[in-house]
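Before any comments, here is the structure.
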Amino acid sequence: MDSPELLRFRTAVDAARAELARASAEVRDGKALEELRRLFLGRKRGRVTQLFEGLRAFEAAEKREAGRLANDLKTEVQAVLGEAESHLAVPAEAGTEEDLTLPGERPYGGAPHPLRLFQEEIEAVFLEMGFGIEEGPEIETDYYNFEALNFPPHHPARDDWDTLYIGDKLLLRTHTSPVQIRVMEKRKPPIRIIIPGKVFRRETPDPTHLPMFFQVEGLVVGEGVTFAHLKGTLEHFIRRLFGERIKVRFRPSFFPFTEPSAEVDIECLSCGQKDPACRVCGGTGWKEILGSGMVDPHVFKSVNIDPEKYTGWAFGLGIDRTAMFAFGIPDIRLFFENDLRFNRQFRLK
Ligand code: 2NL
C-alpha cells in the first residue's frame with residue numbers, strides 16, 4: 001500500500017503531466033516555448049524542480065518509486081519541449097526576409113569527367129593537324145581485333161592482349177585498332193584519323209591497371225608516307241600536350257602490327273630525371289607514353305591496300321596512364337570512384 005504522501009505525489013505528477021499537454025499545445029513562438037520551459041524546469045519554481053525537492057520528505061522505501069515518477073516526468077517534459085521547438089517556424093526578423101530580387105543560385109549541372117577532358121585535349125591537337133576522329137564497336141570479332149592485325153590464331157603474342165571472350169568469335173576489343181581496319185576496308189588512302197575509346201584487357205585491378213581503360217590510336221596512310229612523318233607528328237603532338245621544352249626520345253620496340261616499331265618516352269615530370277628511387281619512372285628518368293610504328297605490310301594486305309603503293313604509320317596511347325602522369329595521379333582507380341571532390345579538380349582552362 002502506498003502511503004498518503006506517495007499517493008499525493010502521484011497525483012501531483014499526473015496533474016503536472018496534464019498541464020504539460022495542455023500548455024505545450026498552445027506554444028506558438030519562441031517566447032511561449034521559453035515560458036513553458038521555465039514553468040516546468042525553472043530552477044526554483046519549476047514544477048519538475050519542486051517535485052524533486054519533495055523527494056526529501058520520503059522514507060528510503062518509497063523514495064525510489066517517487067524518484068522514478070519524477071524522473072519519468074522530466075524526460076517527458078524534455079521530449080515535449082524538443083518536439084515543440086522543432087515545429088516552431090524560424091522567426092522572421094525584421095529586414096532579413098528573402099530578397100526576391102537576388103539572382104537565383106545556379107544548381108550544379110555536372111561537368112565532363114577528367115578523362116574526357118584529357119581525351120578532348122588530345123583530340124584538339126590532332127584536329128589541328130587535319131586528322132579526323134573515328135569510333136567503332138567495343139565488342140569485336142576475333143578477326144578485327146587480332147587476325148587482320150597480323151596476330152595468327154594461337155600466336156603467343158596474343159597473351160599480352162588477353163580479354164573476355166563472348167562465345168568463340170566475339171570479344172571485348174583490346175585496342176581501338178579494329179576501328180582502323182574497318183576504316184581501311186571502306187576507304188582508300190589518304191587516311192589520317194585518330195580513334196579514342198574504351199578498351200578491355202584481362203587485368204587484376206591495382207594502382208596502374210584496370211580491366212577497362214581508354215586508348216587513343218592514330219593512323220596515317222598515303223603515298224610516300226615515311227618514318228620521318230611518324231617522328232615529326234608524334235613529337236609535335238607531345239610538345240603541344242606537355243610543352244615545347246619537354247625532352248622526348250624514340251626507342252626501338254616490337255608490335256605484331258608494325259614494322260619497324262618504336263616506343264616514345266618523355267622525361268619524368270615527377271622527379272625531373274633526378275631521383276634514382278622515383279616511383280613514377282623507376283629511376284630511369286624516362287616515362288614511356290606511347291607505342292608506334294610503320295604499318296606492317298601484312299595488315300595492308302588484309303584490307304586490300306597495296307603495300308607497294310602505300311605506306312603508313314600508326315600509334316597507340318593510354319589516355320588514363322598519360323593523364324595520371326600529366327596530373328600526378330597516383331592510382332588509376334581514382335578515375336572511377338566518382339568522388340566529385342576528385343573529379344572537380346580537373347576542370348581544365
Ligand atoms: C601501345 C601500342 C600501338 C598501333 C598501336 C596500329 C593499328 C593498325 C595498324 C598498325 Cl590498324 N598499328 N596501332 C601501332 C603501334 C602501337 O599501340 O603501346 N599502345 C598503348
Side-chain angles (χ1 to χ4, degrees), residues 115 118-119 122 126 131-132 134-137 140-141 143-151 157-163 173-201 203 208-222 225-227 229-231 233-234 237-238 241 250-266 286-305 307 310-325 332:
L115 285 175
F118 198 62
Q119 177 180 317
I122 292 169
F126 282 101
F131 281 69
E134 298 285 344
E135 291 184 342
E140 268 296 358
T141 61
Y143 176 78
Y144 283 107
N145 196 77
F146 290 125
E147 276 208 66
L149 287 156
N150 198 31
F151 291 82
R158 290 189 178 208
D159 291 355
D160 292 341
W161 283 266
D162 196 10
T163 183
R173 69 180 181 191
T174 60
H175 35 209
T176 60
S177 322
V179 185
Q180 279 111 302
I181 300 295
R182 289 174 181 280
V183 169
M184 287 190 285
E185 279 179 345
K186 282 208 225 77
R187 208 195 294 162
K188 290 303 136 197
I191 292 169
R192 196 157 48 174
I193 54 172
I194 58 166
I195 301 93
K198 275 182 188 162
V199 300
F200 307 85
R201 300 207 185 149
E203 301 280 6
T208 53
H209 297 89
L210 279 176
M212 189 285 291
F213 56 99
F214 289 85
Q215 204 193 21
V216 187
E217 285 205 18
L219 175 72
V220 174
V221 185
V225 171
T226 71
F227 197 88
H229 299 120
L230 177 160
K231 269 196 94 173
T233 311
L234 291 180
F237 161 65
I238 289 168
L241 202 61
F250 287 72
R251 190 164 43 74
S253 184
F254 174 82
F255 299 105
F257 31 78
T258 48
E259 183 60 34
S261 306
E263 280 173 304
V264 184
D265 298 340
I266 59 178
W286 295 95
K287 185 77 182 164
E288 177 206 321
I289 73 154
L290 57 85
S292 65
M294 300 304 291
V295 178
D296 191 296
H298 289 99
V299 175
F300 281 144
K301 281 188 190 139
S302 56
V303 292
N304 270 318
I305 288 180
Y310 296 106
T311 49
W313 60 271
F315 74 92
L317 164 152
I319 297 179
D320 320 49
R321 278 156 40 85
T322 309
M324 285 168 71
F325 183 64
I332 192 170

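Every number for a ligand or one of its atoms is a count from 1 in the order of the listing.
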- line: Output for pair (Ile181 CD1, Leu149 CG), nearest 0.5 Å, gives 4.5 Å
query: When rounded to the nearest 0.5 angstrom, what distance separates CG in Leu290 from CD in Glu217?
result: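 Rounded to the nearest 0.5 Å, the CG-CD separation comes to 11.0 Å.
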query: Would you say Leu219 contacts ligand 1, with heavy atoms under 4.0 Å as the rule?
result: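 Leu219 does not count as a contact of ligand 1 under the 4.0 Å cut-off.
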- request: State if Leu149 counts as touching ligand 1 under the rule of any non-hydrogen atom under 4.0 Å.
  value: yes
Nearest protein heavy-atom contact for [atom]: which residue, which atom, what distance?
atom                     : value
atom 3 (C) of ligand 1   : Gly316 N, 3.4 Å
atom 14 (C) of ligand 1  : Phe257 CE1, 3.4 Å
atom 11 (Cl) of ligand 1 : Gln180 CB, 3.3 Å

Please work out whether any backbone atom (N, CA, C, O) or any side-chain heavy atom from C-beta onward of [X] is under 4.0 Å from ligand 1, and answer side chain, backbone, both or neither.
X      : answer
Ser292 : backbone
Gln215 : side chain
Phe255 : side chain
Asp296 : neither

task: Indicate the atoms forming the closest heavy-atom contact of Trp313 with Val225, along with that distance.
output: CD1-CG1, 3.3 Å
task: Check Gln119 against Pro196 and note the closest heavy-atom contact, atom names and distance.
output: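 What the structure gives for the nearest pair is NE2-CB, 3.4 Å.
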- prompt: Which ligand 1 atoms, with their elements, are less than 4.0 angstrom from a heavy-atom of Thr258?
  reply: 10 (C), 12 (N), 14 (C), 15 (C)
- prompt: Is it true that the NZ or CZ of Arg201 lies under 6.0 Å from the centre of Phe213's six-membered ring and within 45 degrees of the ring axis?
  reply: no
- prompt: Just going by heavy-atom distances, which of Ser302, Ala262, Ser253, Ala314 is nearest to atom 6 (C) of ligand 1?
  reply: Ala314
message: Between Glu134 and Arg187, is the salt bridge (Lys or Arg N to Asp or Glu O under 4.0 Å) condition met? List the steps.
response: CA-CA 12 Å; Glu134 298 285 344; Arg187 208 195 294 162; 2.7 Å; yes
Residue pair Phe257 / His175, side-chain heavy-atom distance below 4.5 Å: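 SC-SC contact between Phe257 and His175 confirmed.
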query: Just wondering, do Thr258 and Phe315 contact through their side chains at under 4.5 Å, heavy atoms?
result: no
message: Regarding ligand 1, does Glu217 bring an N or O atom to under 3.5 Å of one of the ligand's N or O atoms?
response: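 Right, the criterion is met.
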